[in-house]
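Worksheet: the structure to be examined is printed underneath.
The chain is numbered in sequence order, starting from 1.
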Amino acid sequence: MLKFFQKHLVNRLAELNRRRPRLVSKDGRCNIEFGHVEEQSRFVFLLDIWTTVLDLRWRYKMTIFITAFLGSWFLFGLLWYVVAYIHQDLPEFSPSANHTPCVDNINGLTSAFLFSLETQVTIGYGFRCVTEQCATAIFLLIIQSILGVVINSFMCGAILAKISRPKKRAKTITFSKNAVISKRGGKLCLLIRVANLRKSLLIGSHIYGKLLRTTITPEGETIILDQVNVDFVVDAGNENLFFISPMTIYHIIDQTSPFFHMAADTILQHDFELVVFLDGTVESTSATCQVRTSYLAEEVLWGYRFAPIVSKTKEGKYRVDFQNFSKTVEVQTPHCAFCLYNEKDAKAKAKMGFDNPGFLMQEVNETDETKM
């Protein structure tokens with residue numbers, strides 16, 4: 001048993017060492033890091049504070065949310081305490097019976113904090129209130145009320161905007177775990193399956209891809225993330241898709257395809273990353289969203305196709321079995337794109353009855369006489 005776990009651990013570590021870095025993870029997150037950013041550029045993030053707050057993680061956003069409210073309550077609580085202290089409304093000054101305080105029933109810092117909270121969140125218990133005695137208290141009340149409305153509007157709007165971001169709608173769009181290469185319609189194609197887990201549609205959907213690889217220009221320049229366009233289509237076209245059921249999108253491997261010079265036994269030797277994008281408009285909110293995923297060379301299976309997942313029930317409904325969503329079936333597939341096109345050319349020439357142009361026919365005169 002110990003040897004089994006040891007072998008499994010060694011194989012797992014070897015697999016992790018062989019794993020190639022990817023720019024886009026399977027769930028669409030970009031694996032990129034920015035270094036040596038100038039301080040002036042960092043200041044730009046503060047100028048665009050709305051986008052910065054929206055892009056923050058929930059733990060940081062909630063920290064800012066709590067800090068903003070508690071900080072404003074405590075700050076104005078100190079100010080109310082200062083007003084009461086200057087006006088000598090506190091019990092330690094022993095005010096006279098006919099003394100009118102700026103704020104009724106503020107006896108210390110704790111009561112000043114409670115009055116600040118009641119003012120900003122408009123609770124108004126009625127026990128503490130501002131009197132007409134001092135204009136400073138009235139002015140402070142106006143300032144806190146306005147600032148409280150600004151903080152409420154900004155923080156509540158930021159939380160609502162983050163909850164309703166179309167990025168969450170993209171979580172219900174899923175791609176197959178692997179891409180496959182097989183024949184489709186007599187052509188060698190790279191196929192990917194994509195599904196919409198909601199019944200609401202994505203309006204104006206558009207699918208396209210980018211192949212990321214390292215290339216060297218004729219001038220000797222090495223480009224780490226060189227991008228090559230990869231066009232994906234379905235039988236009805238690649239725009240305005242009726243995306244109600246899982247679809248299989250495919251890329252035709254022809255002379256213009258970056259996969260044309262790859263073969264079944266050499267595809268793993270190529271260092272590339274295929275990034276697939278799906279853009280669309282959410283039907284319920286009219287917000288645009290983008291779904292991304294990527295495939296490395298070892299995630300592209302040559303000589304396979306996807307298993308069928310759509311069937312029709314006895315009640316006349318269409319049923320989608322997501323258990324077979326990423327399941328593949330091995331099929332007979334040409335070894336490479338060259339093989340397929342050479343085979344087609346050979347069959348076309350055979351049907352046309354082409355003769356061998358190098359063969360020359362010579363006539364031989366035969367005689368009945370035999371010389372001894």
Side-chain angles (χ1 to χ4, degrees), residues 25 27-34 37-85 102-106 108-130 135-173 198 200 280-292:
S25 62
D27 58 355
R29 292 178 296 177
C30 296
N31 180 26
I32 191 168
E33 179 180 341
F34 298 101
V37 180
E38 298 180 358
E39 295 297 331
Q40 184 178 1
S41 299
R42 295 181 184 273
F43 182 72
V44 178
F45 289 95
L46 296 178
L47 296 179
D48 188 13
I49 187 63
W50 178 253
T51 306
T52 302
V53 172
L54 288 183
D55 290 339
L56 288 176
R57 296 180 179 272
W58 274 109
R59 53 179 175 267
Y60 302 125
K61 187 184 294 293
M62 295 307 299
T63 301
I64 295 176
F65 181 85
I66 296 173
T67 304
F69 281 102
L70 289 179
S72 62
W73 295 341
F74 185 74
L75 175 62
F76 280 97
L78 289 177
L79 295 178
W80 287 115
Y81 179 80
V82 170
V83 170
Y85 184 86
C102 290
V103 181
D104 290 331
N105 300 308
I106 287 186
L109 185 60
T110 303
S111 57
F113 175 79
L114 292 176
F115 178 72
S116 173
L117 189 152
E118 295 173 14
T119 301
Q120 189 163 330
V121 300
T122 64
I123 295 178
Y125 291 117
F127 184 67
R128 301 178 182 89
C129 62
V130 177
T136 305
I138 298 175
F139 178 77
L140 185 60
L141 177 66
I142 296 174
I143 294 299
Q144 185 176 5
S145 299
I146 295 176
L147 186 61
V149 171
V150 173
I151 295 177
N152 287 335
S153 301
F154 183 85
M155 298 308 301
C156 294
I159 292 179
L160 180 61
K162 189 173 181 62
I163 293 176
S164 60
R165 291 182 74 179
K167 183 185 294 187
K168 302 302 180 182
R169 176 64 175 91
K171 298 295 183 181
T172 56
I173 305 296
R198 289 186 179 272
S200 58
T281 303
V282 182
E283 185 180 23
S284 55
T285 62
S286 299
T288 58
C289 69
Q290 183 182 85
V291 192
R292 298 180 296 269

Does a side-chain heavy-atom distance below 4.5 Å link L141 with F76?
no
What pair of heavy atoms forms the shortest contact from T63 to T67, and how long is it?
O-OG1, 2.6 Å
Aromatic ring proximity, centroids under 6.0 angstrom, W80 and F113
no
Heavy-atom closest pair (D27 atom, K171 atom, distance to 0.1 Å) is O-NZ, 4.4 Å
Can you tell me if Y85 has over 12 outside heavy atoms packed within less than 6.0 Å of its OH?
no
Are I163 and W58 packed together at the side-chain level, in the sense that at least one heavy-atom pair is separated by less than 4.5 angstrom?
yes
Quick check for you: to the nearest 0.5 Å, what is the distance between L56 atom CG and M62 atom CE?
12.5 Å
Could you grab the distance from atom OG of S116 to atom CZ of R128, nearest 0.5 Å is fine?
11.5 Å
Return the CD1 to OG distance between I106 and S111, rounded to the nearest 0.5 Å.
5.5 Å
To the nearest 0.5 angstrom, please state how far the NZ atom of K61 sits from the CE atom of M155.
7.0 Å
Measure across A112 and G77 and return the closest heavy-atom pair with its distance rounded to 0.1 Å.
CB-O, 3.4 Å
Hey, does I138 have a side-chain heavy atom less than 4.5 Å from the side chain of V130?
yes
Can you confirm whether F74 is buried at CZ, in the sense that more than 12 heavy atoms of other residues, nucleotides or ligands lie under 6.0 Å from that atom?
no
Heavy-atom check, side chain of Q120 versus side chain of I151, under 4.5 Å:
yes
Would you give the length of the straight line joining atom OH of Y81 to atom CG of L109, rounded to the nearest 0.5 angstrom?
6.5 Å
Check whether any side-chain heavy atom of V53 sits under 4.5 Å from a side-chain heavy atom of Y60, and report yes or no.
no
Might you work through the side-chain contact (heavy atoms from CB on, under 4.5 Å) test for V103 and C129, ending with a clear yes or no?
CA-CA 5 Å; V103 181; C129 62; over 6 Å; no
Whether the side chain of T51 engages the backbone of D48 through a donor-acceptor N/O pair (distance < 3.5 Å, no angle test) should be reported.
no
CG-OH distance between L117 and Y125, expressed to the nearest 0.5 angstrom:
7.5 Å
Just so I know, are the side chains of T136 and L140 near enough to count as touching, which here means a heavy-atom distance under 4.5 Å?
no
